[in-house]
Amino acid sequence: MESTQACFGAIGRAGGRYVSLDPYPEHVATRKVVTADWVLGPTILGDGCTWPPPYGRPEDPELRKFGVDLFAIAQKLVDEGKLQHHPLRVLDGGLKAVIDGMELVKKGTLSAEKIVVRLS
């Protein structure tokens with residue numbers, strides 16, 4: 001809730017768009033000039049989601065077309081070297097390393113890195 005409030009407060013007087021990765025508390029979305037929504041990553045494929053409320057979404061062919069177009073643009077940028085992932089920090093040690101990686105996140109010792117855990 002606090003991060004949603006901070007984001008709404010940071011959007012200028014002219015308004016804008018707020019999109020979160022989870023449903024947000026409706027009572028925090030108080031500014032009429034801010035359009036608010038949330039996304040569920042897998043729905044970019046247009047397949048919908050059968051998860052329980054509030055996550056469930058119906059199929060959406062328009063969203064599927066948008067997702068296909070978006071992925072084509074992203075792939076082109078990757079191929080041209082204009083879009084790159086964060087540097088990887090590879091952890092060995094199987095499932096125990098997952099816990100180690102979570103500890104790194106919890107302690108705040110990661111910065112602009114993606115953790116990859118080798119399970120084998």
Side-chain angles (χ1 to χ4, degrees):
M1 182 169 84
E2 289 177 13
S3 63
T4 303
Q5 287 174 321
C7 290
F8 265 75
I11 296 173
R13 289 182 293 157
R17 185 174 172 119
Y18 170 80
V19 180
S20 67
L21 298 176
D22 264 319
Y24 56 91
E26 292 284 338
H27 71 276
V28 179
T30 56
R31 296 183 56 210
K32 302 267 187 248
V33 296
V34 177
T35 304
D37 199 0
W38 65 276
V39 298
L40 180 65
T43 61
I44 193 76
L45 303 174
D47 294 335
C49 180
T50 59
W51 292 355
Y55 296 97
R57 298 262 171 121
E59 289 185 16
D60 187 340
E62 238 179 85
L63 186 57
R64 178 165 181 76
K65 181 185 177 332
F66 173 78
V68 167
D69 293 345
L70 178 64
F71 280 102
I73 291 167
Q75 185 63 57
K76 181 177 185 273
L77 293 172
V78 169
D79 293 344
E80 294 172 353
K82 295 178 181 175
L83 183 64
Q84 299 174 357
H85 59 76
H86 288 315
L88 301 179
R89 182 185 294 195
V90 179
L91 302 179
D92 291 310
L95 289 176
K96 182 195 174 305
V98 172
I99 303 299
D100 296 340
M102 292 173 71
E103 279 299 314
L104 291 171
V105 172
K106 184 177 172 182
K107 291 178 183 174
T109 57
L110 290 177
S111 179
E113 290 180 288
K114 178 178 181 163
I115 295 179
V116 176
V117 177
R118 290 193 181 140
L119 296 179
S120 56

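- In this structure, the side chain to side chain contact (heavy atoms under 4.5 Å, CB included) partners of Glu80, at least two apart in sequence or on a different chain, are Lys76, Leu77, Lys82.
- A single hydrophobic cluster is seen to contain both Leu119 and Leu91, as judged by linkage of ILVMFWY side chains at heavy-atom distances under 4.5 Å, directly or through other members.
- Taken from CG in Leu63 to CG in Leu70, the straight-line distance is 10.0 Å, to the nearest 0.5 Å.
- Other members of the cluster containing Val39 are Val19, Leu21, with ILVMFWY side chains joined at under 4.5 Å, either directly or via other members.
- The side-chain hydrogen bond (donor to acceptor under 3.5 Å, both in side chains) test applied to Tyr24 returns no partner, not counting sequence neighbours.
- With values rounded to the nearest 0.5 angstrom, Phe66 atom CZ is found 11.0 Å from Asp60 atom CG.
- With sequence neighbours left out, Lys114 forms a salt bridge (Lys or Arg N to Asp or Glu O under 4.0 Å) with no residue at all.
- Remark: Lys32 pairs with no residue by the side chain to side chain contact (heavy atoms under 4.5 Å, CB included) rule, at least two apart or across chains.
- Residues satisfying the salt bridge (Lys or Arg N to Asp or Glu O under 4.0 Å) criterion with Arg89, sequence neighbours excluded, are Glu113.
- The side-chain hydrogen bond (donor to acceptor under 3.5 Å, both in side chains) search around Asp47 returns none, not counting sequence neighbours.
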Please set out all donor-acceptor pairs under 3.5 angstrom arising from side-chain atoms of residues 50-57, sequence neighbours excluded.
{"residue": "Tyr55", "atom": "OH", "partner": "Asp22", "partner atom": "OD1", "Å": "3.1"}
{"residue": "Arg57", "atom": "NH2", "partner": "Trp38", "partner atom": "O", "Å": "3.4"}

Show every donor-acceptor pair shorter than 3.5 Å between a side-chain atom in residues 100-111 and any protein atom, with sequence neighbours excluded, or say none if there are none.
{"residue": "Asp100", "atom": "OD1", "partner": "Lys96", "partner atom": "NZ", "Å": "3.1"}
{"residue": "Asp100", "atom": "OD2", "partner": "Lys96", "partner atom": "NZ", "Å": "3.2"}
{"residue": "Thr109", "atom": "OG1", "partner": "Leu104", "partner atom": "O", "Å": "3.1"}

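- Closest of all the heavy-atom pairs between Ile11 and Arg17 is CD1-O, 4.1 Å.
- For Glu59, the salt bridge (Lys or Arg N to Asp or Glu O under 4.0 Å) criterion is met by no residue, not counting sequence neighbours.
- The side-chain hydrogen bond (donor to acceptor under 3.5 Å, both in side chains) analysis of residues 61-75, with sequence neighbours excluded, yields the pairs Lys65-Asp69, Gln75-Asp79.
- Heavy-atom minimum distance, Thr30 versus His27: CG2-O, 3.2 Å.
- Looking at every heavy atom in both residues, Ala74 comes nearest to Leu83 through O-CD2, 4.0 Å.
- Not counting sequence neighbours, the partners of Arg118 by the side chain to side chain contact (heavy atoms under 4.5 Å, CB included) test are Val90, Asp92.
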